[in-house]
Colleague: 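Pasting a structure below so you can have a look.
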Amino acid sequence: MPGSQTPSKSARPRGVSILGSTGSIGRQTLDIVRLFPERFSVRALAARNSAEALIEQALEFRPECVVITRESRYPQVRDALAGTGIMVHAGSDHLAYAATLDSVDVVMAAIVGSAGLGSVLEAVRAGKTIALANKETLVVAGEIVRFHARRSNALIVPVDSEHSAIFQCLVGESVEDVDELILTASGGPFLDRPASTLAEATPKEALAHPNWSMGPKISIDSATMMNKGLEVIEAHWLFGIGGDRIRVLVHPQSIIHSMVEFVDGSTKAQIGVPDMKVPIQYALTYPERWPAPHERIDWNALARLDFRLPALDKFPCLGLAYDALATGGSAPAVLNAANEAAVDQFLKGKIRFTDISVAIADALEQLASSEIPDLEKLMEIDAAARALVVELNRPTIH
């Protein structure tokens, strides 16, 4: 069982590498570090394009190294950090270095999309604790990641609020006693919008999540409910439960973050206000819980908790994810890559909201196979699926 007390101050600070430090999860991770300055030591920071924010973070936390993957931004970061003793690297190839430094105990994997896969896999091979906020890693390469985690004894602690909830509910329990995992979904911004109007939905409307503040890609995934589909696949690899025993339940208040139903009829739920800092802190401090001033539920103001089944005809992306998990092999990788490409096309105004699921379905039909590919083949499949989506979806908005 996890401890309940803050460790003694004589313990060595936990070295943290934050991949995706300038994104929403990365910034909130640094907020947690600020709460416990004697308990954490930031050893590495990595960002894609936000050079100014990365420089500011580096000057505050003084890591061993920073990585800016957009190489054109390298001179700006290098010059700003000259004389600080902080190593500056450019290019995604250096993410693995930032994830596997000897001084790093916990890797916050918060790079969005399959771009985060390589560095997470290297951290797993190195036996690090991975605070996994990148669901695509397990969607694309779950079998490969689990294989290396068993060999290296790496620990993967999920950061997504739903998977963190299940992880917490399973502490002290046996997976053999689980009857069903229940992932809750907010329903996103279009929960009550008529399906007949979704073809006209704009990126601005789709980005307006009612409960969570997230990046653009994740916000669109919430609007299509693909986020739940990816979470179903991720839950399968995290907890070893088949897709037929993983259920999605729409819960608009986002107070119950997920549940575990056991074989004796008992159900555990993890409950809290919609605040990503709670699962982030749990992932960084596991197996301990450290006192923190995060917002608590006001039980007097909590009038009701609503639940409903998801409308698969309205949100077909969720059904496509279940299909991909059932097919196995390369299908989840095709699903993920096609979704990323289609979301990008939608955000650029090149396709309609309802074209996203059509593009994914086309890619699955043409490219998915039940054969299990190696990592090199997965990357080829990823590229092929993205190219196919761009080719299939000619602009429909003028």
Colleague: Heavy-atom distance under 4.5 Å between the side chains of M276 and I25, does that happen here?
Modeller: yes
Colleague: Would you sort out whether R245 and D179 count as a salt bridge (Lys or Arg N to Asp or Glu O under 4.0 Å), showing the intermediate values?
Modeller: CA-CA 7 Å; R245 293 163 56 206; D179 192 36; 5.3 Å; no
Colleague: With a sphere of 6.0 Å drawn around CG of D374, does it hold more than 12 non-hydrogen atoms of other residues, nucleotides or ligands?
Modeller: yes
Colleague: Treating H163 as the side-chain partner and E234 as the backbone partner, does any N or O pair qualify as donor plus acceptor under 3.5 Å?
Modeller: no
Colleague: Is T69 close to L95 at the side-chain level, that is, under 4.5 Å between some pair of heavy atoms?
Modeller: yes
Colleague: Give a yes or no on whether the backbone of R43 and the side-chain of S17 come within a donor-acceptor separation of less than 3.5 Å.
Modeller: no
Colleague: Is the closest basic N to carboxylate O distance between R12 and D105 below 4.0 Å?
Modeller: yes
Colleague: For the side chain of K128 and the backbone of V104, is there at least one donor-acceptor N/O pair under 3.5 Å apart?
Modeller: yes
Colleague: Tell me if the CZ atom of R304 is crowded by more than 12 foreign heavy atoms within 6.0 Å.
Modeller: no
Colleague: Please find the pair of heavy atoms, one from I381 and one from V334, that lie closest to each other, and give the distance.
Modeller: CG2-CG2, 3.4 Å
Colleague: Let me see the working for S174 and E176 under side chain to side chain donor-acceptor pair (under 3.5 Å), right down to the final yes or no.
Modeller: CA-CA 5 Å; S174 171; E176 285 72 27; 2.5 Å; yes
Colleague: Looking only at heavy atoms, what is the nearest atom pair of I18 and G26, with distance?
Modeller: CG2-CA, 3.9 Å
Colleague: Could you go through the side-chain contact (heavy atoms from CB on, under 4.5 Å) check for L19 and V107 one step at a time?
Modeller: CA-CA 7 Å; L19 309 181; V107 178; 3.9 Å; yes
Colleague: Before giving the answer on side chain to side chain donor-acceptor pair (under 3.5 Å), spell out for H294 and Q281 the whole-Å C-alpha distance, their side-chain angles and the decisive distance to 0.1 Å.
Modeller: CA-CA 10 Å; H294 305 310; Q281 180 175 319; 2.8 Å; yes
Colleague: Quick one: CD1 on I55 to OG on S50, what's the gap to the nearest 0.5 Å?
Modeller: 10.5 Å
Colleague: Distance-only, no hydrogens or angles: does the Q28 side chain make a donor-acceptor pair with backbone N or O of I280 under 3.5 Å?
Modeller: no
Colleague: Taking atom CZ of R27 and atom CD1 of I32, what is their separation to the nearest 0.5 Å?
Modeller: 14.0 Å
Colleague: Decide yes or no for P310 and M225: does some side-chain heavy atom of the first lie under 4.5 Å from some side-chain heavy atom of the second?
Modeller: yes
Colleague: Under 6.0 Å from the CD atom of E205, do we count more than 12 heavy atoms belonging to anything else shown?
Modeller: yes
Colleague: What is the distance from atom OG of S254 to atom CD1 of I271, rounded to the nearest 0.5 Å?
Modeller: 13.0 Å
Colleague: Please report the C-alpha distance between D344 and R386 in whole Å, then the side-chain angles of each, then the deciding distance to 0.1 Å, and finally whether the salt bridge (Lys or Arg N to Asp or Glu O under 4.0 Å) criterion is met.
Modeller: CA-CA 10 Å; D344 181 65; R386 293 171 193 274; over 6 Å; no
Colleague: Treating H89 as the side-chain partner and C65 as the backbone partner, does any N or O pair qualify as donor plus acceptor under 3.5 Å?
Modeller: no
Colleague: Rounded to the nearest 0.5 Å, what separation is found between the CD atom of E143 and the CD1 atom of I372?
Modeller: 4.0 Å
Colleague: Stepwise, does the salt bridge (Lys or Arg N to Asp or Glu O under 4.0 Å) test hold for R247 with E180?
Modeller: CA-CA 7 Å; R247 185 153 56 101; E180 192 172 55; 3.1 Å; yes
Colleague: With a 6.0 Å cut-off on the ring centroids, do F190 and F315 count as close?
Modeller: no
Colleague: Is the backbone N or O of E162 less than 3.5 Å from a side-chain atom of D160, with the two atoms forming a donor-acceptor pair by type?
Modeller: no
Colleague: Using a 3.5 Å distance criterion without hydrogens, assess whether the side chain of N134 forms a donor-acceptor pair with backbone atoms of T137.
Modeller: yes
Colleague: T184 versus V250: any side-chain heavy-atom pair under 4.5 Å?
Modeller: no
Colleague: Using a 4.5 Å cut-off on heavy atoms from C-beta on, say whether the side chain of V145 contacts that of L138.
Modeller: yes
Colleague: Of L183, I246, I241, which is the lone residue that meets side chain to side chain contact (heavy atoms under 4.5 Å, CB included) with I166?
Modeller: L183
Colleague: Where do P316 and S357 come nearest, in terms of heavy atoms and distance?
Modeller: CG-OG, 3.4 Å
Colleague: Please assess Y282 against R289 for the test side-chain contact (heavy atoms from CB on, under 4.5 Å), listing each intermediate value before the final yes or no.
Modeller: CA-CA 7 Å; Y282 187 76; R289 290 188 186 271; 3.6 Å; yes
Colleague: Test of understanding: clusters of I, L, V, M, F, W, Y form through side-chain heavy atoms closer than 4.5 Å, transitively. Do I297 and V278 belong to the same one?
Modeller: no
Colleague: Treat each ILVMFWY residue as a node, draw an edge where side-chain heavy atoms are under 4.5 Å apart, and state whether M259 and V273 are in one component.
Modeller: yes
Colleague: Count the heavy atoms belonging to other residues, nucleotides or ligands that lie under 6.0 Å from CD of E56, then report whether that count exceeds 12.
Modeller: no
Colleague: Does E288 pair with R39 as a salt bridge, N-O distance under 4.0 Å?
Modeller: no
Colleague: Determine, step by step, whether E173 and K268 satisfy the salt bridge (Lys or Arg N to Asp or Glu O under 4.0 Å) criterion, reporting the C-alpha distance in whole Å, the side-chain angles of both residues, the deciding distance to 0.1 Å, and the verdict.
Modeller: CA-CA 11 Å; E173 305 284 358; K268 279 187 179 182; 2.9 Å; yes
Colleague: For atom CZ of R62, decide whether the heavy atoms of other residues, nucleotides or ligands shown that lie under 6.0 angstrom number more than 12.
Modeller: yes
Colleague: Roughly how far, to the nearest 0.5 Å, is the OG1 atom of T354 from the CG atom of L198?
Modeller: 7.5 Å
Colleague: Would a hydrophobic clustering, with Ile, Leu, Val, Met, Phe, Trp and Tyr connected at side-chain separations under 4.5 Å, put V120 with V140?
Modeller: yes
Colleague: L132 and V159: side-chain contact (heavy atoms from CB on, under 4.5 Å), yes or no, with the steps?
Modeller: CA-CA 5 Å; L132 188 64; V159 170; 5.7 Å; no
Colleague: Using a 4.5 Å cut-off on heavy atoms from C-beta on, say whether the side chain of P216 contacts that of L207.
Modeller: yes
Colleague: For residues E340 and D382, determine if any side-chain heavy atom of one lies less than 4.5 Å from a side-chain heavy atom of the other.
Modeller: no
Colleague: Shortest non-hydrogen contact from M379 to L117?
Modeller: CE-CD2, 3.5 Å
Colleague: With distance as the sole test, does R48 use its side chain to make a donor-acceptor pair with the main-chain N or O of G20 at under 3.5 Å?
Modeller: no
Colleague: Could you check, using the six-membered ring where one of them is a Trp, whether W290 and F40 have ring centers closer than 6.0 angstrom?
Modeller: yes
Colleague: Return the NE2 to CE distance between H94 and M87, rounded to the nearest 0.5 Å.
Modeller: 10.0 Å
Colleague: Is a donor on one side and an acceptor on the other found under 3.5 Å between the side chain of K314 and the backbone of L191?
Modeller: yes
Colleague: Any side-chain donor-acceptor pair under 3.5 Å between Q270 and S258?
Modeller: no
Colleague: So do E136 and L230 actually touch side chain to side chain, heavy atoms under 4.5 Å?
Modeller: yes
Colleague: Could you see if V77 belongs to whatever hydrophobic cluster contains V67? Use Ile, Leu, Val, Met, Phe, Trp, Tyr and a side-chain cutoff under 4.5 Å.
Modeller: no
Colleague: Between H251 and D306, which heavy-atom pair has the shortest distance, and what is it?
Modeller: ND1-O, 2.9 Å
Colleague: If you look at every heavy atom in D362 and L388, which pair is closest and at what distance?
Modeller: O-CD2, 4.4 Å
Colleague: For the side chain of T100 and the backbone of A96, is there at least one donor-acceptor N/O pair under 3.5 Å apart?
Modeller: yes
Colleague: Group every Ile, Leu, Val, Met, Phe, Trp and Tyr by side-chain heavy-atom contacts under 4.5 Å, then state whether L155 and L101 land in the same group.
Modeller: no
